[in-house]
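Each chain gets a letter, A, B and so on, in the order the sequences are listed, and its residues count up from 1. Since we're looking at a predicted model, the values are computed, not measured.
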Amino acid sequence: MSIKIDSLGDWKRTHYCGELRKSHCEKEVILFGWVSRIRDLGNLVFIDLRDREGIVQVVFTSENKQLIDRAKKIKMEYVLGIKGKVQRREEKSMNRELPTGEIEVLAKELKILNISQTTPFVISDPPQASEELRFKYRYLDLRRPSLQRNIKLRHQIALKIRNFMAKKGFLEIETPFLSKSTPEGARDYLVPSRIYKGKFYALPQSPQLFKQILMISGFDKYFQIVRCFRDEDLRADRQPEFTQIDIEMSFIDPEDIYNLIEEMMKEVFDVINYSIKTPFKKIPYNESIEKYGTDRPDLRNKIEIINITDLAKDSEVEIFKKVIASGGEVRGIVVREGIGFSRKELDELGERARTLGGKGIIWIKRDETGFKSPLKIKEDFFLKLWEYMNAKMGDLILLVADEKFLTLKILGELRNLVGKKTDSKDYRFVWITDFPLFEWSEEENRIISNHHPFTAPKEEDLKYLETDPLRVRSKAYDLVINGIEIGGGSIRINNIELQERIFKILGLNEKEIKDKFGFFLEALKYGAPPHGGIALGFDRLVMILAGEDSIREVIPFPKTTSALCLLTGSPSEVAQKQIEELGLELKKPQNK
RNA sequence: GGGGUCGUAGUUCAGUCGGUUAGAACGCCGGCCUGUCACGCCGGAGGUCGCGAGUUCGAGUCUCGUCGGCCCCGCCA
């Protein structure tokens with residue numbers, strides 16, 4: 001039995017389903033939406049109609065026999081137009097769960113504007129389908145109220161930021177997507193050139209050089225909410241294409257950036273009615289590593305890492321002596337009231353330490369009966385340890401002995417794992433400052449930029465640039481919220497000689513420098529103003545504000561962790577003709 | 001590139017030690033029902049156990065490979 005599809009005719013929506021309240025009572029309304037639930041009681045049919053603003057109950061009664069007969073043919077996800085009257089529900093049949101639950105719409109006319117196949121999963125919040133299926137049918141997934149809310153929130157935040165930046169005198173200026181591949185940093189997404197066979201554009205990892213060039217052009221205050229592309233492996237908070245709030249300013253120092261961003265964050269968090277205190281805490285990189293074992297600490301977590309190497313070297317513990325003798329360290333954390341950790345949980349923490357490259361962990365518990373630990377030594381050391389680490393009865397101490405940075409990394413991770421039960425509605429902002437300018441790359445066996453090669457060194461460290469480069473600190477800063485790196489930036493080098501010195505230290509030869517950055521070095525010669533900026537991860541920011549754990553929940557059309565778009569089926573093969581046009585040849589015949 | 005984990009009805013899952021006809025809930029189809037709101041009640045249909053090899057008298061179950069989802073390490077200036 002086929003259903004007649006109605007035409008829209010001259011119907012115009014008067015209200016969104018989700019906006020109706022008791023103040024609309026007695027009003028005639030026209031609604032459009034999707035059927036989200038049907039409750040057919042025979043001579044009484046209820047339909048929950050959903051649009052982007054919410055859900056409202058539409059009721060069909062047997063007073064209008066023709067109408068209710070047609071209503072009985074309605075199925076899930078049909079597209080309906082309803083003309084009806086808003087009426088107050090009786091006290092006992094109100095739905096307190098629903099914002100529209102005090103009223104309902106008594107249908108007078110019905111238009112079935114389209115039918116729908118049975119959906120591959122029921123559209124419900126929270127979702128009852130795998131992410132795989134949700135991504136394949138993302139248009140259905142996106143009908144879920146929580147995703148509608150996230151996408152709306154994303155818009156509101158973007159709008160807030162645009163208005164804020166405009167108010168502060170910034171210009172939103174676009175930069176090219178088809179641009180130049182440069183060494184350093186992430187792997188580029190490449191776009192082959194048809195006109196110049198064998199040559200490639202690269203999609204931008206960020207508009208870094210363009211925004212610096214805009215400073216040289218005198219635009220002074222630039223921003224852009226812009227897509228960036230990095231061909232690296234994915235994570236819960238990483239997508240191959242993501243959106244950045246990109247900012248650059250001239251004639252500024254880091255304080256100007258801090259002030260601007262702190263004020264922006266105030267406005268942004270206002271969207272979720274969360275008021276934040278400024279200025280944000282600032283922690284130098286080295287201190288953050290020593291205390292938290294990471295450069296993106298979650299400050300909701302009170303645990304700090306304590307160095308007990310001095311204490312451990314006089315202990316009778318062989319493993320400590322061995323590690324210290326070979327230049328390693330012993331450090332630990334105190335887990336308050338940690339006595340309740342089970343053997344299984346402790347084993348899991350040890351396993352985690354091993355996956356990070358460590359040998360494991362040592363744990364010590366203390367209660368009224370004494371100490372418990374796999375370490376079978378005299379109580380003497382434990383007593384000293386408890387005093388030194390300021391631990392109490394009922395606490396758990398976790399120790400790691402290894403090479404310094406591995407020790408810190410493992411304890412940083414343990415700190416996150418054991419301190420997890422923190423308030424999720426609380427937001428802790430911190431600036432991490434004074435990053436090292438360079439780091440040593442084991443893989444490439446050379447010095448590489450920690451941030452990027454255009455980052456300015458701190459003046460007082462310039463003297464070590466050639467002699468002890470790893471000691472040089474930079475004018476770089478990261479913004480971290482609840483352990484999530486939300487953005488980073490720096491004051492840039494605007495002096496050609498210094499820039500060339502940096503490239504030399506990075507081991508780039510003259511030709512490479514000229515080929516890859518020649519255009520930029522040239523620009524630096526024509527009155528480049530002092531400048532600096534920052535880039536904030538927009539998706540991550542929205543994720544935090546939406547209270548989501550995955551960036552995919554705030555991106556309308558995300559990719560899977562293997563960089564597939566399940567909706568469109570990309571990446572996909574292309575016609576041989578297209579490949580030939582680009583002057584390309586595939587190495588292996590595609591077998592899929 | 002590496003590790004972990006998952007893949008069974010449209011969906012979410014259960015499936016014992018390798019054994020006979022692979023189950024449940026929701027959804028779907030048919031029927032009843034005037035105040036439901038995850039409506040309820042009665043009945044029904046629905047399975048390439050991801051795919052491919054192998055072991056075995058016999059494989060959803062064991063082995064290997066492969067594809068895919070998720071998490072992590074490396075990577076992500």
Side-chain angles (χ1 to χ4, degrees), chain A residues 1 36-49 55-63 68 72 75-77 89-98 100-101 104 106 117-137 140 182-188 205-206 208-209 228-240 242 348 351-358 409 413 417 435 437-439 441-444 447-455 474 476 485 488-490 502 506 535 537 549-550 552 559-562 564 566 591-592:
Chain A
M1 169 178 51
S36 107
R37 279 282 163 191
I38 303 157
R39 290 177 294 278
D40 183 347
L41 276 64
N43 281 316
L44 187 67
V45 175
F46 297 101
I47 284 181
D48 287 345
L49 197 65
I55 286 171
V56 72
Q57 173 168 287
V58 178
V59 59
F60 297 84
T61 67
S62 53
E63 315 250 305
I68 196 169
K72 280 174 168 295
K75 299 191 189 306
M76 299 272 267
E77 300 306 323
R89 300 199 203 174
E90 277 182 45
E91 200 66 34
K92 65 177 191 329
S93 60
M94 284 181 181
N95 184 346
R96 306 288 169 190
E97 306 289 303
L98 229 53
T100 59
E104 66 192 357
L106 177 66
Q117 287 190 10
T118 302
T119 52
F121 54 90
V122 179
I123 297 168
S124 66
D125 239 334
Q128 285 165 40
S130 66
E131 227 178 355
E132 191 174 359
L133 200 65
R134 289 171 46 205
F135 284 2
K136 185 173 174 195
Y137 297 95
L140 299 178
T182 53
E184 309 282 305
R187 191 178 296 114
D188 287 316
Q205 297 174 28
S206 87
Q208 185 60 35
L209 291 177
C228 300
F229 306 85
R230 294 177 191 177
D231 189 2
E232 297 292 349
D233 289 333
L234 286 74
R235 287 287 189 285
D237 62 354
R238 260 161 43 187
Q239 283 273 304
F242 61 99
E348 279 166 5
E351 186 51 41
R352 181 68 187 152
R354 277 185 290 278
T355 65
L356 292 173
K409 183 178 164 185
E413 175 66 10
L417 293 176
F435 279 82
L437 186 62
F438 302 113
E439 60 186 315
S441 166
E442 291 291 342
E443 193 188 337
E444 298 183 50
I447 279 178
I448 58 171
S449 287
N450 186 342
H451 193 55
H452 58 57
F454 319 106
T455 304
S474 68
E485 185 195 327
S490 64
I502 301 286
L506 291 171
D549 291 324
S550 166
R552 297 186 292 269
K559 294 190 171 51
T560 67
T561 48
S562 52
L564 294 174
L566 296 178
N591 40 25
K592 261 207 71 201

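One interatomic measurement links the two molecules: CZ of A/Arg187 to P of B/rC76, which rounds to 9 Å at whole-angstrom precision. In this structure, A/Ile68 atom CD1 and B/rU34 atom C1' are separated by 8 Å, rounded to whole Å.
Of the side-chain N and O atoms in A/Arg552, none sit less than 4.0 angstrom from OP1 or OP2 of B/rG69. When the side-chain nitrogen and oxygen atoms of A/Ser130 are compared with OP1 and OP2 of B/rC70, none of them lie within a distance under 4.0 Å. Within the 4.0 Å cut-off from OP1 or OP2 of B/rC70, at least one side-chain nitrogen or oxygen of A/Thr561 is found. For B/rC73, neither phosphate oxygen OP1 nor OP2 lies less than 4.0 angstrom from any side-chain nitrogen or oxygen of A/Arg354. Considering only side-chain N and O atoms, A/Lys136 lies nowhere under 4.0 angstrom from the phosphate OP1 or OP2 of B/rU11.
Using a 4.0 Å heavy-atom criterion, one finds that A/Ser124 contacts no nucleic acid atom at all. Across all strands, A/Ser62 comes closer than 4.0 Å to base atoms (heavy-atom distances). Residue contacts shown for A/Leu564 are limited to sugar-phosphate atoms, with no base heavy atom under 4.0 Å away. Residue A/Thr560 is in sugar-phosphate contact alone, with no base atom involved, counting any heavy-atom pair closer than 4.0 Å across all strands shown. Residue contacts for A/Leu356: at a heavy-atom cut-off of 4.0 Å it reaches the sugar-phosphate backbone alone, with no base atom in range. Across all strands shown, A/Leu234 has no heavy atoms under 4.0 Å from either base or sugar-phosphate atoms.
Partners of A/Glu413 by side-chain hydrogen bond (donor to acceptor under 3.5 Å, both in side chains), not counting sequence neighbours, listed by chain and number: A/Arg352. Partners of A/Phe435 according to the ring pair (Phe, Tyr, Trp, His ring centres under 6.0 Å) rule, which considers only residues two or more places apart in sequence or in another chain, are A/Tyr285.
Between the side chain of A/Glu131 and the base of B/rG68, no donor-acceptor pair of N or O atoms lies under 3.5 Å. Residue side chain A/Arg352 does not reach the base of B/rG4 through any donor-acceptor N/O pair under 3.5 Å, judged by distance alone. Remark: the A/Arg89 side chain and the B/rC37 base include a donor-acceptor N/O pair separated by less than 3.5 Å.
Counted by atom type alone, A/Arg39 and A/Gln57 present one or more donor-acceptor pairs between their side chains at under 3.5 Å.
Between B/rG60 and B/rC49, the distance separating the two C1' atoms is 5 Å to the nearest Å. Look at the C1' atom in both B/rG15 and B/rU21: the space between them is 15 Å, to the nearest Å.
Checking A/Thr61 against A/Phe121, the closest nucleotide of RNA chain B that is more toward the 5' end is the one next to A/Phe121.
Side chain of A/Lys75, nearest nucleotide from B/rC29, B/rC75, B/rU11: B/rC29.
Using Watson-Crick or G-U wobble geometry with both donor-acceptor distances under 3.5 Å, B/rC70 finds its partner in B/rG4.
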Review item, nucleotides 38-45 of chain B N/O atoms under 3.5 Å of protein N/O:
unit_1: B/rC39; atom_1: OP1; unit_2: A/Arg37; atom_2: NH1; d: 3.3
unit_1: B/rC39; atom_1: OP2; unit_2: A/Arg39; atom_2: NH1; d: 2.9
unit_1: B/rC39; atom_1: N4; unit_2: A/Asp40; atom_2: O; d: 2.5

